[in-house]
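This structure is a prediction, so every number in the text was calculated from the model and none was measured. Here is how names work: the chains are called A, B, and so on, in the same order as the sequence lines, proteins then strands, and each is numbered from 1.
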2 protein chains.
Amino acid sequence: MALNSVETGEVKSSENMVVKRENGLENGVKRSPEVDLDDGIGTTENGVKKSQNRAVIVPKCRPKIRYSLLKTGLCYDVRMRYHAKILTSYFEYIDPHPEDPRRIYRIYKILAENGLVSDPTLSGVDDIGDLMQKIPVREATKEEILKVHSQEHLEFIEKTGNMTREQLLKETERGDSVYFNNDSYLSAKLSCGGAIEACKAVVEGRVKNALAMVRPPGHHAEPAVPGGFCLFSNVAVAAQNILKNYPESVRKILILDWDVHHGNGTQKAFYDDERVMYISLHRYELGKYYPGTIHGNYDQIGEGKGKGFNCNIPWPCGGVGDAEYMWAVEQVVIPLGREFQPDLVIISSGFDAADGDMIGQCHVTPSCYGHMTHLLKSLARGNLCVVLEGGYSLDAIALSALGVAKVLVGEPPDELPEPKKQPKAEVIEVIDTVMRTQSRFWDCFKTTQSNNGCDFNAKVDNTLMSENFPLQHAIRQQQLQNYTDDYNFVTLPLFDMGLPTNTVTCSPAIHEAESIIICVHDTPEIWAKRNRVTGLVDPSLSIVVDTAVHVIKWSVERNYGVIDVNIPQSLAEQDNYSAVMTSQEVILFMWDNYLKYFPNLSRLAFIGIGDASSGIVHLLGHRDTRNVVSSAILFLDTKPLRPLVPLVDESLADWYFKNSLVFASSEHACWGSDGSEAKKPRKKFGRVLKCDSDGLSNIFKERFEEATDFILDSFEEWSDTD
Amino acid sequence: MALNSVETGEVKSSENMVVKRENGLENGVKRSPEVDLDDGIGTTENGVKKSQNRAVIVPKCRPKIRYSLLKTGLCYDVRMRYHAKILTSYFEYIDPHPEDPRRIYRIYKILAENGLVSDPTLSGVDDIGDLMQKIPVREATKEEILKVHSQEHLEFIEKTGNMTREQLLKETERGDSVYFNNDSYLSAKLSCGGAIEACKAVVEGRVKNALAMVRPPGHHAEPAVPGGFCLFSNVAVAAQNILKNYPESVRKILILDWDVHHGNGTQKAFYDDERVMYISLHRYELGKYYPGTIHGNYDQIGEGKGKGFNCNIPWPCGGVGDAEYMWAVEQVVIPLGREFQPDLVIISSGFDAADGDMIGQCHVTPSCYGHMTHLLKSLARGNLCVVLEGGYSLDAIALSALGVAKVLVGEPPDELPEPKKQPKAEVIEVIDTVMRTQSRFWDCFKTTQSNNGCDFNAKVDNTLMSENFPLQHAIRQQQLQNYTDDYNFVTLPLFDMGLPTNTVTCSPAIHEAESIIICVHDTPEIWAKRNRVTGLVDPSLSIVVDTAVHVIKWSVERNYGVIDVNIPQSLAEQDNYSAVMTSQEVILFMWDNYLKYFPNLSRLAFIGIGDASSGIVHLLGHRDTRNVVSSAILFLDTKPLRPLVPLVDESLADWYFKNSLVFASSEHACWGSDGSEAKKPRKKFGRVLKCDSDGLSNIFKERFEEATDFILDSFEEWSDTD
């Protein structure tokens with residue numbers, strides 16, 4: 001071709017540029033003064049040999065040989081199976097302790113069965129084939145362990161090596177979920193040493209990544225105390241020693257802890273350390289789940305220099321699975337990890353969130369573990385070390401570890417079995433909270449999360465509040481204006497209750513009405529366009545969805561009297577406790593001071609919308625209103641059911657069940673977390689019905705006709721029986 | 001150990017389970033009746049041989065050998081360099097056509113230089129080493145091409161093979177950005193055939209994935225017409241033929257087109273086809289960017305059965321880079337791909353969004369191409385085929401292709417060079433729009449996007465509006481109430497303008513004031529907590545940020561008269577055109593009917609907040625107000641600058657520049673998209689200043705003191721000169 005001559009002239013300059021770029025990219029590694037890089041393509045073979053010979057003498061960090069076929073490292077040593085619970089009864093034999101010595105064997109076995117490891121006898125041979133490479137396990141030295149643990153802690157574990165059976169049983173009894181035998185010390189040192197050696201092999205570039213199948217686990221072992229099946233904090237000890245021995249090439253380590261329990265030990269070891277970012281995904285449930293402290297909450301962000309380098313993602317409930325774990329990893333872990341730019345990633349890899357684990361009761365599949373591993377491989381130039389923590393179903397941990405190992409050696413992850421499943425709403429909420437919390441420290445969350453709602457605790461107090469005003473006041477005022485304009489409504493005074501004068505409004509001459517509909521509702525919802533970046537809502541693109549007006553219109557058309565009660569919500573409360581209380585007081589007040597004195601009133605129906613409807617249930621249990629009240633309709637969506645407490649007469653509960661309709665979303669907690677077994681709420685909650693729609697206004701739209709038919713029937717029936 | 005005997009008993013059952021699971025996961029493959037799987041570990045070798053022998057005769061889909069070291073396929077053939085522009089002048093030699101034959105050579109060369117390919121002479125040898133495997137390129141058959149293109153189209157391209165130089169030049173002239181020589185037909189058939197063979201090698205499991213370095217590119221070639229340097233739609237032809245020939249194993253294909261241009265040809269080929277999901281990331285800019293039609297917009301979602309299987313991600317501007325591409329891939333492509341569950345992923349891989357490409361003018365780095373490839377590898381069990389499209393900087397495409405190839409062979413992607421950089425706000429906005437649009441079809445976006453703002457066009461019309469009410473009315477009413485309560489404000493009537501009576505409010509006895517501050521503002525912003533899942537804003541957790549009240553307070557303290565003007569925004573408009581008009585009318589009305597008649601008025605200052613401030617600039621150009629107006633302060637954030645049009649007197653523009661402060665965010669478009677060259681707005685826009693904060697209320701807080709100092713100075717100066 002005519003252009004060939006031009007081509008030739010360009011080769012040199014292009015080659016230079018490429019080499020320059022490669023060097024630039026391997027910058028992190030090159031900082032080490034001891035490193036001599038093999039840049040040329042031909043010298044890779046030598047590079048490997050040199051690094052392996054020297055590794056023993058001087059800790060060296062070698063760049064990975066460019067595109068060579070490095071294997072995945074594997075730590076496994078039968079001696080870590082010696083630590084076991086001393087059996088004291090036949091039942092312990094039948095139903096063994098969950099932290100069972102077979103755990104690591106079963107993982108090794110499944111790797112062999114699937115061709116990842118060549119070891120027909122499963123005895124732990126040295127040459128394990130083309131895909132993985134054995135990393136010999138050694139005991140961690142005392143010096144290494146003391147980088148994390150106290151002298152007393154180490155000495156105590158050491159002593160267990162020479163204790164009598166009785167002493168061991170006593171210590172087992174005394175500890176927080178730990179057991180000891182005379183081999184515990186040896187196994188714990190090997191477990192800790194295995195984690196160190198696996199990380200070393202990765203940062204020295206002898207393997208492309210590593211899987212350390214070690215036990216006893218480590219992440220609950222705090223610097224001064226063992227706990228939760230853990231004796232030494234393996235991952236913390238490994239991280240501390242890597243940071244010490246590779247100061248130039250490993251400056252930052254990311255630890256991702258996907259064990260279903262919070263890794264209190266690891267968190268504590270680095271709580272004020274900005275070199276180690278600790279991220280944990282775990283069941284939390286208001287601190288009730290093991291280890292049962294508030295240290296696992298999202299607001300535990302580190303202290304001192306370590307502020308912003310601790311990130312807890314606390315599940316509010318059990319039963320989470322692939323959708324929630326993928327959401328957390330993709331929304332939080334990867335962006336955070338990418339911005340933190342670690343030199344090494346260690347996964348504290350408990351498999352107790354795995355589908356089938358009876359302790360974790362979660363549903364993470366082996367493919368999901370594979371996908372998460374695949375994502376983590378994109379950080380730290382692939383420097384990834386996976387260290388076993390918990391996981392108590394022998395089948396589940398084997399399959400999960402296989403899912404991880406396949407991806408480590410280079411296979412693509414299997415497809416997720418339920419790709420359409422979406423994370424639970426409360427998990428999305430929690431993860432938003434995590435991102436908002438971390439947005440103080442990390443740019444990746446600033447863009448979309450830092451203005452996501454205001455921090456009311458901070459803002460309610462300060463002077464701003466005097467100038468700004470809560471939106472709900474403005475909305476109620478406008479609502480009132482509309483009712484006055486359209487229906488000549490007037491306000492009904494409440495005395496000495498400290499509520500806004502616009503709380504109760506009603507149709508004219510309400511005291512003379514024969515039939516009355518009372519609508520008790522929360523401040524109406526808003527459909528709003530919220531700017532994703534600034535977090536601001538544009539009022540010109542927002543609409544107030546006034547549900548109550550439908551009730552008013554319907555009632556006015558039938559010449560019924562109407563009372564509209566707006567219960568203001570509390571700015572600062574999560575559970576809306578004070579709104580519930582207010583509603584109860586207001587409705588009781590209205591009965592005691594107005595309704596029971598209205599001379600013509602013969603038929604009364606309640607319609608409740610949202611939390612505010614609790615006042616209705618409260619009244620019906622605390623007064624006998626049956627001579628006028630014919631029915632009560634509650635639209636709850638996902639708001640809590642309220643039980644009728646029959647203070648006046650036991651038969652009230654039956655009456656309530658017969659004369660009420662309670663509309664709940666299909667997502668309402670009352671149906672049970674497991675969709676399969678149809679849990680039915682008890683009678684005292686009224687006649688609870690499952691709706692197809694979600695959201696208060698949608699449920700209202702879906703069921704309003706049914707509600708009004710029910711009221712009309714009850715009014716007629718009431719007239720008949722009267 | 002005591003537990004060994006128990007262990008042995010379990011081996012069998014565990015083995016069975018594992019095998020069953022593996023079969024389950026390879027289900028997609030097993031559906032093919034022609035496939036015989038080699039389940040055992042020992043028979044993999046045979047499996048490979050069989051598949052390779054038979055592949056020629058019967059199209060077969062073989063499962064990948066479990067954990068074998070499959071290579072990455074590579075298509076490259078020097079004959080695809082024969083298609084070249086016929087040079088008609090010396091200038092075309094100096095400044096060659098961007099779709100340059102050297103493009104594929106340069107990619108092949110950089111792969112060889114970096115050890116991915118072993119081919120010292122760069123001649124296209126058969127054995128290219130341990131990492132990649134040559135996929136021989138052949139001409140696509142007419143039958144294959146006709147699966148996408150019309151007979152006429154094919155015949156026309158065929159004819160170019162025998163045209164004279166003059167005819168070729170005439171056709172080159174006539175076409176839409178295409179050129180022809182006598183080898184164009186051959187090269188185009190090879191390019192097309194290369195894409196087919198690369199996909200075949202992947203789906204037959206002969207390679208783990210593939211890179212097809214082919215040209216001419218294909219994605220602009222529509223079924224009946226070539227265009228945009230493209231003759232045959234290579235990827236579309238490959239996809240159609242794979243679907244035809246592997247009906248059991250390949251039922252769905254995902255095409256991701258990350259070329260900087262919209263792939264109109266590919267989109268058209270599958271617009272009504274639910275078997276192929278087409279996702280394109282491209283510059284769009286209101287349809288002005290090549291190919292310059294609305295077909296690349298986000299609302300082009302497919303038709304008929306293909307509805308929801310076309311997804312455009314249109315960049316609103318140039319200059320996007322890693323942050324935007326990663327955001328799009330992670331927020332849209334991967335969730336969509338995971339839910340779609342393709343059997344094969346094809347990347348239409350133009351590298352013209354690469355940093356350094358003079359046509360694309362974007363900044364995607366080689367590491368970002370690596371990261372995106374890594375993410376795509378997690379779909380379709382790793383069945384990934386990358387096919388070259390555009391990309392016109394020889395250096396940039398070589399480096400970009402290297403970034404992709406490294407990840408294909410199994411290397412982790414390099415770290416992103418600017419991990420802290422966040423996507424542009426307008427890109428986040430666009431991608432939210434894409435997700436909202438696609439949420440009609442895909443569960444992955446339903447959870448968080450389907451209720452993100454209401455569809456006003458749909459809702460404003462219907463009856464709902466009569467019952468619901470716009471939020472801004474409620475807010476203004478409350479604002480007025482506050483001013484009346486705190487400062488005895490009264491309303492100032494506007495006659496015959498069709499505006500709410502609460503539009504203008506002022507301090508008492510305003511007609512007697514000597515000094516007046518006029519604050520003209522949009523409806524105040526809201527800090528709101530928006531539920532991520534339901535999309536609803538909770539009014540009880542929302543606060544109205546009343547900025548204007550600071551102006552009022554400050555003025556009242558100094559005994560100045562104050563006029564507060566609230567300009568209502570339009571519900572349905574994007575550009576706020578009618579609000580701008582309203583503001584201009586209102587301020588002009590106030591001058592003509594009130595201000596110029598106030599007997600004592602000697603000093604007047606304007607403070608504008610948001611779009612509403614345009615009325616101030618309008619007045620200052622349309623009337624000579626200089627005898628009383630001393631200064632104008634505008635808080636704009638990112639709202640458009642408004643030029644003063646000096647209708648009365650040319651000197652007004654100078655006066656305005658001297659007596660105004662215009663506060664704009666550092667993100668304001670007036671500073672130019674490129675931060676490096678400080679663009680300065682012209683004088684007619686007033687004295688525009690860059691603020692550190694973002695958001696109207698933050699900018700207001702940052703600069704309010706400076707603004708009031710400026711007003712005080714101007715008032716004094718005014719008094720002095722008077």
What's the separation between atom [atom1] in [X] and atom [atom2] in [Y], rounded to the nearest 0.5 Å?
| X | Y | atom1 | atom2 | answer |
| --- | --- | --- | --- | --- |
| B:Leu379 | A:His371 | CG | NE2 | 7.5 Å |
| B:Leu416 | A:Gln341 | CG | CD | 8.5 Å |
| B:Lys420 | A:Phe340 | NZ | CZ | 11.0 Å |

Taking the side chain as every heavy atom from C-beta outward, state whether B:Glu415 and A:Arg338 have any atom pair closer than 4.5 Å.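 Counting from C-beta outward, B:Glu415 and A:Arg338 never come under 4.5 Å.
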Counting only heavy atoms closer than 4.5 Å, note whether B:Glu330 contacts chain A via side chain, backbone, both or neither. side chain
In terms of heavy-atom proximity below 4.5 Å to chain A, should B:Pro335 be classed as side chain, backbone, both, or neither? neither
Is the number of heavy atoms from other residues, nucleotides or ligands under 6.0 Å of B:Asp130 CG greater than 12?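 For B:Asp130, atom CG is not crowded (no more than 12 foreign heavy atoms under 6.0 Å).
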Heavy-atom pairs under 4.5 Å with chain A - which of B:Cys444, B:Gly410, B:Pro524, B:Pro413 has more of them than the others?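 Heavy-atom pairs under 4.5 Å are most numerous for B:Cys444.
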Of the backbone (N, CA, C, O) and the side chain (C-beta and beyond), which part of A:His374 lies under 4.5 Å from a heavy atom of chain B, both, or neither?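 Contact with chain B is through both the backbone and side chain of A:His374.
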Contact class of A:Gln477 relative to chain B, heavy atoms under 4.5 angstrom: side chain
Derivation of the side chain to side chain contact (heavy atoms under 4.5 Å, CB included) call for A:Ile475 and B:Ile475: CA-CA 7 Å; A:Ile475 292 175; B:Ile475 290 175; over 6 Å; no
At their closest point, which heavy atom of A:Lys377 faces which heavy atom of B:Pro412, and how far apart are they? O-CB, 3.7 Å
